[in-house]
Amino acid sequence: VGVGAAVKCLCGTWAVDRGNFKTCDQSAFCKRQRALKPGESPYRALLETLELTNTRLTLQLINDNNKVRLLLELYRLQGNITRVKINELKPLKPRYEVPDVLIREPPTDLSLLSQDENGVVLSLGAESQRVIVSARPFRLDIMEGSDVVMSLNSRGLLTFEHLRMRKDTQAEPEAEKKDEADPANQAETAKEEEEKVEDGMWEETFKSHSDSKPNGPSAVSLDFSLPGVEHVYGIPEHADNLRLKTTDNGDPYRLYNLDVFQYELYNPMALYGAVPVMLAHNTQRTTGIFWLNAAETWVDISSNTAGKTVFGKMLDYVQGSSETPQTDVRWISESGIIDVFIMLGPTPKDVFSQYASLTGTQSFPPLSSLGYHQCRWNYNDQEDVQAVDAGFDEHDIPYDFIWLDIEHTDGKRYFTWDPHKFATPKEMLQGLMDKRRKMVAIVDPHIKVDSNYKIHNEIRSRGFYVKNKDGGDYEGWCWPGSAGYPDFTREDMRAWWASMFAYDQYEGSMENLYTWNDMNEPSVFNGPEVTMHKDAMHGAWEHRDVHNLYGLYVQMATADGQLQRSGGTERPFVLTRAFFAGSQRYGAVWTGDNAAEWDHLKISIPMCLSLGLVGISFCGADVGGFFKSPSAELLVRWYQTGAYQPFFRAHAHLDTPRREPWLFGPENTALIREVVRQRYTLLPYWYQQFYQAHRTGQPVMRPLWVEYPQDPATFAVDDEFLIGEKTQLPPRLEVSFSKKGKIPSKLSPVWFDVHTFQKHNGAQNLYIPVTMSSIPVFQRGGSIIPRKLRVRRSSSCMEDDPYTLYVALNLQRTAEGELYIDDGHTFNYEKKEFIHRRLSNLAPDAQFTTRSWIERIIILGASKPSKVTVKTTDGQENPVEFDFDASMSVLTLRKPGVNAGADWTVTLQ
């Protein structure tokens, strides 16, 4: 649910009001920093201050223009990661450093190779990898052999606005006593007195809102040059192509979590979440940049030619070819410090692992959450819920979760139920549980200011609300009217919030009730840019320092509440709209308030691909579009696309006509039923992919270039994607008679249509005839995909059903795959209570039993055997019935008679 519903829909307009949101020119620090042009950096390294231990290098930098000193810290982290931190040497007060995002302080190691008057050379572990610190001007170059992998401050755009006293205020006594002879003194230099005071440095106004900026200017900026790179990705969330565009002729990409009403497509405006991670890729290498800063951030991208941006003297062997393309990136943040992790790959999968080692992997979701979710704003009452639930059974469409939006509460008081419309919530939940189904109810982080509301009274009495700049509780306007905002940056506040999900606190809740955190950017209808004032206070820190963390903290506390209510045994499911780096550890995200338009369907693919590249695999878009009303064709096509995206939920605005799957005529109902059932047959494969994402950090839904990193034809493709390594989907997105799809061949020269079993050779563009029932999905030759073909009303009802293995042979007539089975909902898999099988057992010491059997094996690209037998570990060898379709080269083995957890071998003669 977005603010637009309250503000816009009655006006008849359905587009973002750009005037509500800042451009770079309207954001004082962005305008100030962007006005600086590439040139020789005023910063130089003071080599005499160098200190080196076996874990880090420290070195002072000085700005020759104002004599302010910075402290550089350089770390080499295990796993081919370099960390660079820059802070003021002696700030007037501490500057914000982001907590709770890194899962641990990474282990480090560093050694010096050489040093002279120009700089130092440090080893990065591998013999040919090193980092060169050039002194005048300051610059970092990361090298492999004679190649520059990445340069920092090569364009001289490092800036660090130091904290200072405002000239028209009385200096603090301690500041007056500082030793003026101290070369590191940040507040008393004559140079500083000459610095120009610009508009927006000490106070800034946007529309009717004033930002008091008591700390003055505090922006940080650093540029990165990537020789040989033409393709960069990541930094979600933006409604844009997968490959990031250059920003020379417009605004930079903005990272600032905002409630944006029906966002526009193909522009760099900020949306609901922000992950400050960028990936760069060419045929030789993949690298990543993780800019750990939670303040408002802008990212400029420009194309250049290597060697053209060198300012000042480099060490002799740092050379750039004038023929080599180069991408230059500049990060600008409003406050905090520079803390950047450079992930050196060299493969895409290495970068995913490196980032996962820093911020963690995707949480392992309950199996049921990978099924279908039915939602709208709002199901009216318990009878409505019961009728919709029965409608799925009547029309033989499976689903796992039905959702309740804000109207289910008592006057928008979260953790409550409307006493008339949802008078007996446990009865409703029990009815769903009897069918092995579940519910999600919304719990937003704005709390109605009402002295008769228990949640509000407790938060106020404990002092847990965010404060305004004058020390009172910050209040803004949201769905309940006047609302307070809990300070989720406080660990004690998060612990209290988590305790509210206990069954004896959250009245009417049961174990099959899960949670949706919306509006957690946070959304403040009457705030600047529909969010919180930057000078609001979270303890000692301004909101400007922590803004992009707020949504992560809300989801963190909510997931912890679900975990605690089960005594730590059951896996949570929490959907969030706002997110940051590390949000993958706590649940799922969706792409927010989209619209029932073909282009919004199309953009859902690159939006989710971008999130997967930065660790957030559990992504989806509102099927059918949140705003407006889809045509029957658009709705069917959206189901056909959404069924092959990780999070599969239909959702709709309060003012749109009802659109349950059976309301568009029998033909369309049948088409939707078929694709939802396809989703359920593939749940074993989806679940296996999420297990791998949880273990390794590899994305579930991934761009083609991740699997074919040396094929440039895949680098900009964002209307096709892979689910894991083995399934490719070029979704049907537009009205036409054919769909052109590229079948890559570098690793997989054979692909099979999963519906017709038709074989296609790689390295070709296919023209696929399109009908309303066609979904072009292909299985890679050499792979085995498990399915369950007995689709029932929910995933839990299919728990013990048999498996069918789809074996797609490669040119060598071999295939391999995996089968992962556990109980689907607890953490017992951490105690090795699971089955994980390949041709040989992947986890021989794991213990789990299943009642599921292998029902059939379908082999694509096969020859007809004369005899088929199956041999089990007890030595028994039994014949297996089979059919062979010579026209399609498909061999079907029926009833091999083996348990899914047993060892067995099939022999074709």
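Note that this is a predicted model, so its numbers are computed, not measured. We use all heavy atoms of the structure for the numbers below, so side chains are in, but hydrogens, waters and symmetry mates are not.
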Search all heavy atoms of [X] against all heavy atoms of [Y] and return the closest pair with its distance.
X: Ala295; Y: Asn548; value: O-ND2, 3.5 Å
X: Leu255; Y: Pro276; value: CD1-CA, 3.8 Å
X: Trp298; Y: Ser27; value: NE1-OG, 3.8 Å
X: Val524; Y: Tyr474; value: CG1-OH, 3.8 Å

Is it the case that [X] and [Y] place a side-chain donor and acceptor less than 3.5 Å from each other?
X: Thr416; Y: Asp410; result: no
X: Ser335; Y: Glu542; result: no
X: Thr23; Y: Gln26; result: yes
X: Thr424; Y: Gln382; result: yes
X: Asn257; Y: Thr531; result: no
X: His538; Y: Tyr485; result: no
X: Gln584; Y: Thr359; result: yes

Worksheet, complete the sentence: The residue among Asp393, Asp400, Asp434 that forms salt bridge (Lys or Arg N to Asp or Glu O under 4.0 Å) with Arg793 is Asp393
Aromatic contact, [X] with [Y] (centres under 6.0 Å):
X: Tyr550; Y: Phe488; value: yes
X: His373; Y: Tyr514; value: no
X: Phe626; Y: His600; value: no
X: His408; Y: Trp417; value: yes
X: Phe579; Y: Tyr586; value: no
X: Trp590; Y: Trp403; value: no
X: Tyr256; Y: Phe21; value: no
X: Phe648; Y: Tyr372; value: yes

Discussion item. Once you measure the plane-to-plane angle for Phe647 and Phe573, does it fall in the parallel (<30°), tilted (30-60°) or perpendicular (>60°) bin?
Written reply: tilted
Fill in: Ring geometry between Trp377 and His653 (parallel below 30°, tilted from 30 to 60°, perpendicular above 60°)
perpendicular
Worksheet entry | Over-ring placement of Arg571 relative to Phe364, 6.0 Å and 45° cut-offs | yes
Hey, are the side chains of [X] and [Y] touching, using non-hydrogen atoms and a 4.5 Å cut-off?
X: Glu237; Y: Tyr263; result: no
X: Leu549; Y: Thr489; result: no
X: Met519; Y: Ile406; result: no

Discussion item. If we ignore hydrogens and angles and just use 3.5 Å, is the side chain of Asn468 paired with the main-chain N or O of Asp470 as donor and acceptor?
Written reply: yes
Worksheet, complete the sentence: Checking Glu203, Glu204, Lys213, Arg544 against Asp535 for side chain to side chain contact (heavy atoms under 4.5 Å, CB included), the one that qualifies is Arg544
Discussion item. Assess whether a salt bridge exists between Arg577 and Asp259, defined as any Lys/Arg side-chain N lying under 4.0 Å from an Asp/Glu carboxylate O.
Written reply: yes
Discussion item. Please determine whether a side-chain nitrogen of the Lys or Arg among Arg658 and Asp384 lies less than 4.0 Å from a carboxylate oxygen of the Asp or Glu.
Written reply: yes
Practice prompt. Evaluate salt bridge (Lys or Arg N to Asp or Glu O under 4.0 Å) for Lys22 paired with Glu334, printing each intermediate quantity in order.
Written response: CA-CA 14 Å; Lys22 290 182 181 181; Glu334 184 176 15; over 6 Å; no
